[in-house]
Every structure is written in C-alpha cells, then in structure tokens.
Amino acid sequence: MRILVTGGAGYIGSHAVKLFGARGHEVWVYDSLVYGHRGAVPADRLVVGDLSDVHRLDQLLVEQRIDAVVHFAAFAAVGESVQQPAKYWQNNFVNTLGLLECVRRHGISRFVFSSTCATFGCPTAMPISEDTPQAPINPYGHTKLAVEWALHDYGQAYGIGYAALRYFNAAGAAADGSIGEDHTPETHLIPLVLFAAMGKRPQIEIFGTDYPTPDGTCIRDYIHVDDLALAHLLALEKLTPGLELHYNLGIGHGYSVREVIRTCEEVTGKMVPVKEGPRRPGDPPVLIASSEKIQKELGWKPHYVELRGIVETAWQWHASHPKGYR
Ligand code: UDP
C-alpha cells in the first residue's frame, strides 16, 4: 500500500511509520514538526506541512497515488484542551474534516484514525469495551468523539472504510532503541518517573493518593507503542470500502501510579523521590481496556503483556537519549 501518515513524526506515528516500512509498504509522512521530530522518520519520506493546508494534502495524495491514510496529527493535552478548546476544535476536528474531504475527493477508501479512551469519560464498569457508552468529559475527548461520528457518517454515505482506534496509555519505545518518546513539555507518567530516576527532575509528584483503589492512586492500562503500531497495520490491511471498525487498545491489565514508580525503580535500579500531591482535575480513578474485539476480529495480540517489559524499552530510550531527539 501507499500510505500517508499524518503526524508521522510524533511519538506513536513514528513507530507506526517504522513498522509499515518494515512490512514493505510505501510510506509518506506529513507532519508540521510543531510537536513531531525530524529525526524520528526517514528524511526522504518527510513532507513538512500543516494539517490545515488542504491544497498541499491534495497534491500529495495525487502525486504519490496514496491509497490509505493513517491520521495521527492532533493536539493531545487534556489540560490544555480545557484552557484552549478553540485550538483543539480547530485542529483536531476542523482540520480533520478538511483531510477527510481530501480523502473523499480522491476516492481513498482506507482511513485509520487515532482515537482515545478519553472518549469514554469516567465509566465505572471495567474493563471498557466497545459497548461502553462514550461520554467524554473534556474538550480533547469531545473533539475525538466528534471525528468518530463524522467518520461514521462519511463511511455510510461515501463508502470510506475506516478504523477508529481508541488508545489507552501509550508507553515504551522501539525495541532497537532507535526511536522513542519525546514530548515538550512532558506530562506522561512513565517518562517523568524515569526522568526523576535519572536526576533530570528532582522528584515525581503523585497526583492523588485518596482514590478508591487498593493503594489510593490512579490505575491505568499501559500499552506498548509498537503493539499500537501493529493494531494500525492490521486495521489497514483489513479495511474495505464502507467497513467501519472500532477497537479499544490496551493490555487489559491496570497498574497504579505507585506500581509504575516501583517498576521504574526495579528497571533502572535507582530510587525515585516521590512527593504526594493533590488529584489532577479530570482524572478518572481507573481505566482498563478490553481489547477482546480486536483480538478476535483481527488476530491482534500485544507482544508486551506486562508493564516491566514496556518500561524496559522506555528506559533504554531515555537512558541513551537524555535529550530526546536533540
Ligand atoms: N500522573 C502522576 N504524576 C505525574 C503524571 C501523571 O501521578 O506527574 C498520574 C496521572 O494522574 C494518571 C497517570 O499518572 O493517573 C497517568 O497519567 P498520564 O498523564 O501519563 O496519562 P493519562 O492517563 O492522563 O492519559
């Protein structure tokens, strides 16, 4: 396949690009490099451009005879989305509709979309399956769910085949150490704990120790970024015109913040200074995925089934790239 990957120089996108290339697909990356990194993708495959530039996208789809689009490009900071919803609706929703229009104009029938467990909000019943009602509680989740709805309508009316993949907590790095996570600012738990282990930060603050969980801290389902990449590949290969796929992606097992810290200490062999702080607004106590549907329908299986293996790859990346891609 000739695949266009928007946001392909970002964290999850770059791992997908690497996998698609290794499987023999012809891949083009379209990335603004606002958050993505030039060094995360092959230089001769990168087109630097903004998602709002539909003219440029049109050109690329025609020139490269693209037959599938994998759409990662989006803003993804929940807190920022609450402060600046306009930024999120514009980029994540309006610009995505622009891309979808390009896809429709050029008769492309395979589209894979990065959705999120944030579209579920705060469900109480675990694990979260595809039947769990979607009720997002912040603008980030709203924009992602709105795109899912648009995809459904486009799929029904125009025959675009699509997959909406709802990631739980993406973590880890390529096993060969070549690419990994590098966000500015970094807000995610695992890299921050590893930074504290390395002495790059003085400590890790635990956001809330009074949750109704066994050790009082939030529980999340961490999934390795290469396992996410594999799900995209399988979805792409399955898609046919008009087919609508929705899958939740996690390992089906949750780890508390304290368990993550302990695992990072074991993997690095270093003590992590901890500060107990207040809850972060908007954090549900527990989020665990059921990924049975994608396992059954596409034969997807996570290679990394325990947190330790995931953290080992993240540690290999951060220890060898203390300044990320810089
Ligand atoms: N967390 C924390 N301290 C931090 C960053 C995160 O205690 O400095 C907690 C956060 O409250 C959540 C979990 O770690 O329960 C995972 O947070 P992250 O931001 O990595 O991902 P999210 O679940 O928000 O997508």
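Predicted, not measured: the structure shown is a model, and the values here were computed from it. For ligands, and for the atoms within them, numbers begin at 1 and follow the listed sequence.
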Does only the side chain of [X] get under 4.0 Å from ligand 1, or the backbone, or both, or neither? Count heavy atoms.
{"X": "Asn169", "result": "side chain"}
{"X": "Glu205", "result": "backbone"}
{"X": "Arg220", "result": "side chain"}
{"X": "Tyr222", "result": "side chain"}
{"X": "Asp283", "result": "side chain"}
{"X": "Thr187", "result": "backbone"}

Exercise for review: Assert yes or no for the condition that the ring centre distance of His15 to Phe72 is strictly below 6.0 Å.
Suggested key: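 For His15 and Phe72, the ring centres are not under 6.0 Å apart.
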Review point. If you round to the nearest 0.5 Å, how far is CD of Gln64 from CZ of Arg2?
Key: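 Separation between the atoms: 6.0 Å.
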[X]/[Y] ion pair, N-O < 4.0 Å:
{"X": "Arg262", "Y": "Glu266", "result": "no"}
{"X": "Lys293", "Y": "Asp131", "result": "no"}
{"X": "Arg56", "Y": "Glu63", "result": "no"}

Considering heavy atoms of the protein only, find what lies nearest to [atom] and give residue, atom and distance to 0.1 Å.
{"atom": "atom 4 (C) of ligand 1", "value": "Phe207 CE1, 3.3 Å"}
{"atom": "atom 15 (O) of ligand 1", "value": "Cys218 CB, 3.0 Å"}
{"atom": "atom 20 (O) of ligand 1", "value": "Leu189 N, 2.8 Å"}
{"atom": "atom 9 (C) of ligand 1", "value": "Val257 CG2, 3.8 Å"}
{"atom": "atom 24 (O) of ligand 1", "value": "Arg280 NH2, 2.7 Å"}

Review point. Between Tyr304 and His224, how do the two ring planes meet: parallel, tilted or perpendicular, split at 30° and 60°?
Key: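 Because their plane-to-plane angle is under 30°, the rings of Tyr304 and His224 count as parallel.
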Practice item. Within a distance under 4.0 Å of any heavy atom of Ile204, pick out the atoms of ligand 1 and give their elements. Key: 8 (O)
Using modelled atom types and a 3.5 Å cut-off, is there a donor and acceptor pairing between side-chain atoms of [X] and backbone atoms of [Y]?
{"X": "Asp31", "Y": "Ala9", "result": "yes"}
{"X": "Trp28", "Y": "Val47", "result": "no"}
{"X": "Glu181", "Y": "Ala173", "result": "no"}

Exercise for review: Flag Leu192 as yes when one of its N or O atoms lies below 3.5 Å from any N or O atom of ligand 1, and as no otherwise.
Suggested key: no
